[in-house]
Every structure is written in structure tokens, then in C-alpha cells.
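Basis for what follows: all heavy atoms, side chains included, without hydrogens, waters or symmetry-related copies. Order of the sequence lines fixes the chain letters, A, B, ..., with proteins taken first and strands second; residue numbering starts at 1 for each chain. As the structure is a computational prediction, the values presented were derived from the model and not from experiment.
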Protein chains: 2
Amino acid sequence: MPAHRTPAGSARDRILETAFRLFYAHGPRGVGVDTVIAESGVAKATLYKHFPRKDDLVLAYLDRVDQAWFGALRAAARDAGDEPRDQLVGMFDALASACRRDGYHGCAFINTAAESPAGGPVHARTVEHKTVVRAWVTELARQAGAADPELLARQLTLLLDGGLAGGVLDGDPVIADAARRSARTLVDAALR
Amino acid sequence: MPAHRTPAGSARDRILETAFRLFYAHGPRGVGVDTVIAESGVAKATLYKHFPRKDDLVLAYLDRVDQAWFGALRAAARDAGDEPRDQLVGMFDALASACRRDGYHGCAFINTAAESPAGGPVHARTVEHKTVVRAWVTELARQAGAADPELLARQLTLLLDGGLAGGVLDGDPVIADAARRSARTLVDAALR
DNA sequence: GCGGCAGCAGACGGAACTGTCTGTAGAATT
DNA sequence: AATTCTACAGACAGTTCCGTCTGCTGCCGC
């Protein structure tokens with residue numbers, strides 16, 4: 001697995017990077033395999049060797065999104081200090097950052113799920129992602145001493161989803177601000 | 001404009017009804033014009049006479065969704081009593097009802113916007129819809145005596161969006177319940 | 001009775017997309 | 001030096017989908 005390397009990273013990396021950029025901007029369905037090939041400077045056979053079906057590439061894309069978003073969420077929480085109750089609010093800074101980022105288009109999972117068949121692997125992966133994030137928030141809520149950690153986590157992830165969903169239209173930072181204030185209110189009420 | 005009538009309603013109505021059903025279930029992009037034609041029992045030329053482009057049909061579909069959803073929201077608010085502060089919470093019953101409805105797939109606007117090009121008419125219509133709903137909520141918040149009606153409206157519509165967005169995956173009523181509780185907490189805090 | 005209108009039926013062209021296949025080049029291993 | 005692996009380049013078939021176009025039918029108002 002070492003060596004080989006073409007110009008910028010391995011072929012696989014170039015494919016994934018290009019797919020990430022194009023899929024997020026136009027949605028997986030809005031991007032043809034030929035476009036990914038052209039923009040990543042890769043041969044068609046190479047792409048189909050690494051990802052036998054387009055769906056495989058889409059799932060790999062979602063895994064990347066999962067890593068990036070969940071990572072940003074945890075980093076934002078960590079930066080908010082040591083108190084779990086502050087971290088629960090601080091994670092919304094990740095939403096604010098995302099809104100301000102150029103080319104922001106909302107939640108990649110929701111966007112992709114919206115254009116994928118109902119029982120398919122994309123939906124399964126999306127549910128998994130949402131479940132993992134909510135479990136993490138639940139643990140944080142438990143550490144903070146919430147009476148009903150599951151409920152608080154559900155409420156906060158609901159806010160996150162709402163903020164992300166609205167992002168498909170515009171990345172108005174006002175949305176992130178409203179979400180953060182809501183989170184503060186809900187956390188305070190839950191820990192009263 | 002009277003008479004004519006084929007089996008069930010005018011051709012236009014049949015087209016719209018079929019498009020509504022199919023578009024909501026699979027997303028406009030996942031449904032070919034030929035499918036709409038086959039299932040509505042209409043001639044291709046007839047469809048293209050009423051809706052010269054597929055986009056026109058998609059926009060008409062969104063208008064229908066707007067009427068239905070906004071109507072359900074207002075009805076739920078009305079059913080919650082005469083007090084604006086109760087109506088602000090009561091409108092979340094529309095979300096609960098939607099979650100329980102068979103074939104529920106989340107917010108048609110967000111789902112459609114997710115698969116449409118960024119600057120296009122679909123996005124414009126979606127923004128318009130969200131703006132109208134939020135304006136209505138803002139007025140309700142003002143009547144309830146909120147210090148910052150715009151903020152409260154933003155927070156509540158954020159919850160609505162979050163609840164709807166999650167619906168793409170599953171229509172878990174727990175989500176609607178969490179949203180309703182959040183709304184109660186936020187409204188109480190804003191009117192303290 | 002007749003012209004126009006609304007609609008049905010289906011063929012057609014052109015484009016886009018997915019996935020397969022053939023052939024070639026360069027680097028690493030043996 | 002020969003083989004093998006990875007990758008490039010591009011043709012190709014098969015499907016799907018949008019939008020147009022040509023006939024044909026039945027109902028209305030004039």
C-alpha cells in the first residue's frame with residue numbers, strides 16, 4: 001500500500017476529495033460519475049475498482065462527512081470549557097462556524113437522504129450517524145446532571161438538525177445564534 | 001372552464017394529485033415525467049400544455065405543500081385555544097400529526113431544495129414559504145407579549161424545521177414530543 | 001352542422017448517466 | 001529482465017429521462 005502516488009495523493013484520495021466537494025455542492029444525484037472522473041483526473045476503471053458502485057462512493061462520502069462534523073462538534077464542546085453544561089451549549093459554535101463557511105449548504109446527511117430511496121443504505125448510514133451523535137450528547141447531558149438526559153439530548157439535536165436543515169437555503173448566522181440561545185435556555189431549564 | 005371532466009376531476013387536477021403523491025414519496029428528481037403521465041392516466045401533450053417544464057410542475061407541487069402545511073399549522077394553533085402563548089405551543093401538534101401520518105417523509109420543501117440547484121426557483125419558493133410561516137409566528141409571538149418576537153419566532157421555526165428534517169428518516173413521534181416540550185420551555189422563558 | 005378545444009396515444013430525437021471493456025504506460029517486485 | 005500491480009485513456013452498450021411532434025377522438029358553443 002505504500003508508494004505509487006500520483007501527483008497529489010493516491011488516486012483513491014483524489015477521488016474522495018473530489019467527490020466530497022462535488023457531492024456536497026450539488027448532491028450526489030446531481031453529479032455524474034464522469035464529472036468526478038474528469039475533475040479528479042482519474043481513469044474510469046480506477047474509480048470503479050475502488051468503488052464498484054456509485055453508492056459505495058456516496059457512502060464513503062458520508063463517512064467523511066461524519067468524521068468532519070462529529071469532530072467539529074466535539075472540538076467546539078471541548079473549547080467551551082470543562083463543565084458539561086457549558087459544553088452542551090458550546091457545541092453550537094460548530095454550527096455557527098459551519099454557517100459562516102463558504103459554500104455551506106446544510107446537512108450533507110439530510111440532503112443526501114432526501115434524494116435516496118427510503119429503505120436503502122444511505123438512510124441506514126444517516127440514522128447511524130444521528131444516533132451516534134445523540135448518544136454522545138446524551139452522555140454529556142448525563143454528566144451535566146440532567147434529570148432526563150435522553151430528552152435534553154433529543155431537544156438539543158433537534159435544534160442542531162433544524163439549524164443544519166435551514167442551511168440548505170442560506171447560511172444565515174442568525175440561525176446559529178438563535179439555536180445557541182435556545183440551547184442555553186433548554187439546558188438551564190433542564191438543570192434547574 | 002366548466003364541464004369536460006374526465007373520470008376523476010380535470011386532467012390538471014389529476015396531474016397535480018399524482019405529482020404530489022409521487023414527488024413527496026421519492027423526491028421530484030426521483031420521479032420521471034413518464035411515470036407521472038402513466039399514473040395519472042394523462043397524455044404527455046396534456047401535461048406539457050399545463051406545465052411547459054418539469055420545473056413548473058415542481059413549483060405547483062410546492063405551492064400545494066405550502067397550502068397544506070401552513071393550513072395545518074394554523075389549524076393546530078387555532079385548536080390550542082385563544083391565548084397566543086398557547087397557540088405558539090399548540091402549532092407543534094401539526095408536527096405530531098404529520099409524524100403519525102402514513103408515508104411521512106419530512107419537509108417537502110427542504111427535501112426538494114436539497115436536490116435543486118442553489119440559485120434556482122425552487123430555492124426562492126422555499127425561502128418564500130419559510131419567510132411567510134416565520135412572519136406568522138412572529139406576529140403570534142408579538143401578540144403573546146414576547147420581548148423579542150423575532151427571536152422567539154426564529155427559535156420556534158428552528159424547532160419545526162428540525163422536527164421536519166428528521167422526518168426524512170423516520171416519523172418518530174418522540175421527536176414531535178421533544179419539539180413541543182422545547183417550545184413550551186422557550187415560550188415560558190420568553191414571556192417571563 | 002361545424003370549427004375549435006381539450007384530451008388521449010405513442011413515436012421520436014437528443015442528452016445524460018451508469019457500468020464494462022480494451023489497450024497502454026510506468027513503477028515495483030522478484 | 002520479466003512479471004505484476006496500479007493507473008490512465010477512451011470507446012461502448014444499455015438505460016433513463018426530458019421535451020416535441022404527429023395523429024386521432026369526443027364535446028362544446030356558434
Nearest-angstrom distance from the residue atom [atom1] of [X] to [atom2] of [N]:
X       : N      : atom1 : atom2 : result
A/Lys49 : D/dT6  : NZ    : C1'   : 6 Å
B/Asp34 : D/dT20 : CG    : P     : 14 Å
A/Tyr48 : C/dT22 : OH    : C1'   : 17 Å
A/Ile15 : D/dC8  : CD1   : C1'   : 12 Å
B/Leu47 : C/dA6  : CG    : C1'   : 14 Å
A/Phe51 : C/dC17 : CZ    : P     : 19 Å
B/Lys54 : D/dC17 : NZ    : C1'   : 8 Å
A/Ile37 : C/dC17 : CD1   : P     : 11 Å

With heavy atoms under 4.0 Å as the rule, sort A/Val31 into base, sugar-phosphate or nothing.
->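 Sugar-phosphate, no base atom in range.
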Going from CG on A/Asp170 to CD1 on A/Ile175, what distance comes out if it is rounded to the nearest 0.5 angstrom?
->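 One finds 5.5 Å between CG of A/Asp170 and CD1 of A/Ile175.
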From A/Phe23 CZ over to A/Thr18 OG1, what is the distance, rounded to the nearest 0.5 angstrom?
->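 If I round to the nearest 0.5 Å, the distance is 10.0 Å.
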Check step by step if salt bridge (Lys or Arg N to Asp or Glu O under 4.0 Å) holds for A/Arg181 and A/Asp177.
-> CA-CA 6 Å; A/Arg181 287 166 179 243; A/Asp177 185 60; 3.1 Å; yes
Measure distances between side-chain N and O atoms of A/Lys44 and base N and O atoms of C/dG19, and say whether any donor-acceptor pair falls under 3.5 Å.
->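 For A/Lys44, whose side chain was compared with the base of C/dG19, there is a donor-acceptor pair (under 3.5 Å).
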Considering only side-chain heavy atoms of B/Thr46, which listed nucleotide, C/dT20, D/dA9, C/dG7, is closest?
->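 Output: C/dG7.
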Using OP1 and OP2 only, check whether a side-chain N or O of [X] sits under 4.0 Å from [N].
X       : N      : answer
A/His50 : D/dT6  : no
A/Arg53 : C/dG19 : yes
B/Arg29 : C/dC17 : no

Please say whether the positively charged group of B/Arg21, taken as NZ for Lys or CZ for Arg, lies over the ring of B/Tyr24, i.e. under 6.0 angstrom from the six-membered ring centre and within 45 degrees of the axis.
->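 Judged by the rule, B/Arg21 and B/Tyr24 form no cation-pi pair.
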Which comes earlier along DNA chain C counting from the 5' end, the contact point of A/Ala45 or that of A/Pro28, where each point is its nearest nucleotide?
->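 The residue mapped nearer the 5' terminus is A/Pro28.
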Which residue lies toward the 5' end of DNA chain C, B/Ala43 or A/Asp55, if each is placed at its nearest nucleotide?
->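 On the 5' side of the pair lies B/Ala43.
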Side-chain donor-acceptor pairs under 3.5 Å in residues 87-98 of chain B, sequence neighbours left out?
residue	atom	partner	partner atom	Å
B/Gln87	NE2	B/Gly81	O	2.8
B/Asp93	OD1	B/Arg180	NE	2.8
B/Asp93	OD1	B/Arg180	NH2	3.3
B/Asp93	OD2	B/Arg180	NH2	3.3
B/Ser97	OG	B/Asp93	O	3.0

